[in-house]
Structures are given as structure tokens and as C-alpha cells.
Amino acid sequence: MKLAKFIGSALVALSLSAPALAQQAPGGQPDQVAQLAQMVGLSEEQQTEIRGIIDDMQGEIGELRQDARSLQEDLQEQIKPDYDESAIRDNAAKLGDVTGEIAALSALMQAKVDAVFTQEQRDELDHRMKQMQQQMQQQRQMMQPQGQQ
């Protein structure tokens, strides 16, 4: 798996689900940038730069997610016996545009964060990601019912 894909997946998930990624999470859990720093040995300067990137883009992505939710609700309201195909298509097109913009901003954020890492840090992150994938695959295999063929 490419490093960029991992960083993107991790950061997108974190930035879209956490209201303030750069701050300590409720309950005393360390923030994700600090965990990443511990994992690959980010310097204070790198952590500050990554937090800045995330902070800059998080607000815009959050607003777009709100727009997407609203458009999805509008689409759901259009599902009725006397539906308006034009309105459904219009809302669907708008939702596609918003979703595309979220993907673009997420990719840009991923690229900007990736540029902060050294090659050694990228290699370490890639190695750890492969290990986590193997562990997850092993766990899935263990959870499958035995004897079914």
C-alpha cells in the first residue's frame, strides 16, 4: 500500500470525524498528530506544520460535509410518490460536486502532509502500515466461522 494512500485515509478519516484534530481529544486521549509523531519520530517543527495544514483545511472540509449532509437530506425528501425527477437530478449533481471537492481537498491535505515527512519517515510509516494490515487480515481470518466450506 502506498504511503500516500495511508496518510490520506488516516488524515481524511481523522479530519472529517474529529472536531479539533490538532487538540487533545476528550478523555485524555492523545491527538492523532502526536501519535503519528511517536510512530515515525516527527520533530516539533514537523508536528506544528502538520497541525497547521490540518487546521487550515479542516474548516473548509467540515463546511462541505455539512453541505453534503444537507443535500443528502434534500434527496431523501424527494423520495415520494409525486417525485420531481429534475429536483432529484439537480440535488444529486450538487452532491456529486460537493463530494468531489471534499475528495480534492482531502487529497491536497494528504499531499501537503506527505511533503512534511522525510523519506525515512515515509518508509517507517509504510512499514508500520503493512504490519497493521497484516494484523487486521489475521484478525478477520480468526473471526470467520470455522468449518464452513
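Salt bridge annotation for Asp126-Lys130: present, with a cationic side-chain nitrogen under 4.0 angstrom from a carboxylate oxygen. Comment: Asp31 engages Arg51 in a salt bridge, judged by a side-chain N to carboxylate O separation of less than 4.0 angstrom.
Note: Gln72 CD to Thr99 OG1 = 8.5 Å, rounded to the nearest 0.5 Å. Interatomic distance, CD1 of Ile88 versus CD of Gln78, reported as 5.5 Å (0.5 Å rounding). Atoms CD1 and CG, on Ile102 and Asp67 in that order, are 8.0 Å from each other to the nearest 0.5 Å. Here the CD atom belonging to Gln133 is positioned 11.0 Å from the CD atom belonging to Gln135, to the nearest 0.5 angstrom. To the nearest 0.5 Å, the span separating CD on Glu63 from CZ on Arg65 amounts to 13.0 Å. Atom-to-atom distance recorded for Leu95:CG and Asp90:CG is 11.5 Å, nearest 0.5 angstrom.
The minimum heavy-atom distance between Val33 and Ile54, with the atom names listed, is CG2-CD1, 4.0 Å. Nearest heavy-atom pair, Met39 versus Glu124, reported as atom, atom and distance to 0.1 Å: O-CG, 3.9 Å. Of all heavy-atom pairs between Leu64 and Glu101, the closest is CD1-CG, 3.5 Å.
Within 6.0 Å of the CD atom in Glu85, the count of heavy atoms belonging to other residues, nucleotides or ligands does not exceed 12. Within 6.0 Å of CZ on Arg128 lie more than 12 heavy atoms contributed by other residues, nucleotides or ligands.
A donor-acceptor pair is defined here as one N or O able to donate and one able to accept, closer than 3.5 Å; such a pair exists between the side chain of Thr48 and the backbone of Glu44. Between the side chain of Gln47 and the main chain of Ala34, no donor-acceptor pair closer than 3.5 Å is present.
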- Message: Show, in sequence, the C-alpha distance, side-chain angles and deciding distance for Gln119 and Asp123, and conclude whether the side chain to side chain contact (heavy atoms under 4.5 Å, CB included) test is met.
- Response: CA-CA 6 Å; Gln119 186 59 50; Asp123 293 343; 2.9 Å; yes

- Task: Take Met109 and Ile61 through the side chain to side chain contact (heavy atoms under 4.5 Å, CB included) test and state the conclusion after the steps.
- Result: CA-CA 10 Å; Met109 182 172 62; Ile61 291 172; 4.3 Å; yes

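A side-chain donor-acceptor contact under 3.5 Å links Gln66 and Arg69. Asp114 and Gln110 share no side-chain donor-acceptor pair at under 3.5 Å.
Leu75 and Tyr83 end up in the same hydrophobic cluster when Ile, Leu, Val, Met, Phe, Trp and Tyr side chains are linked at under 4.5 Å.
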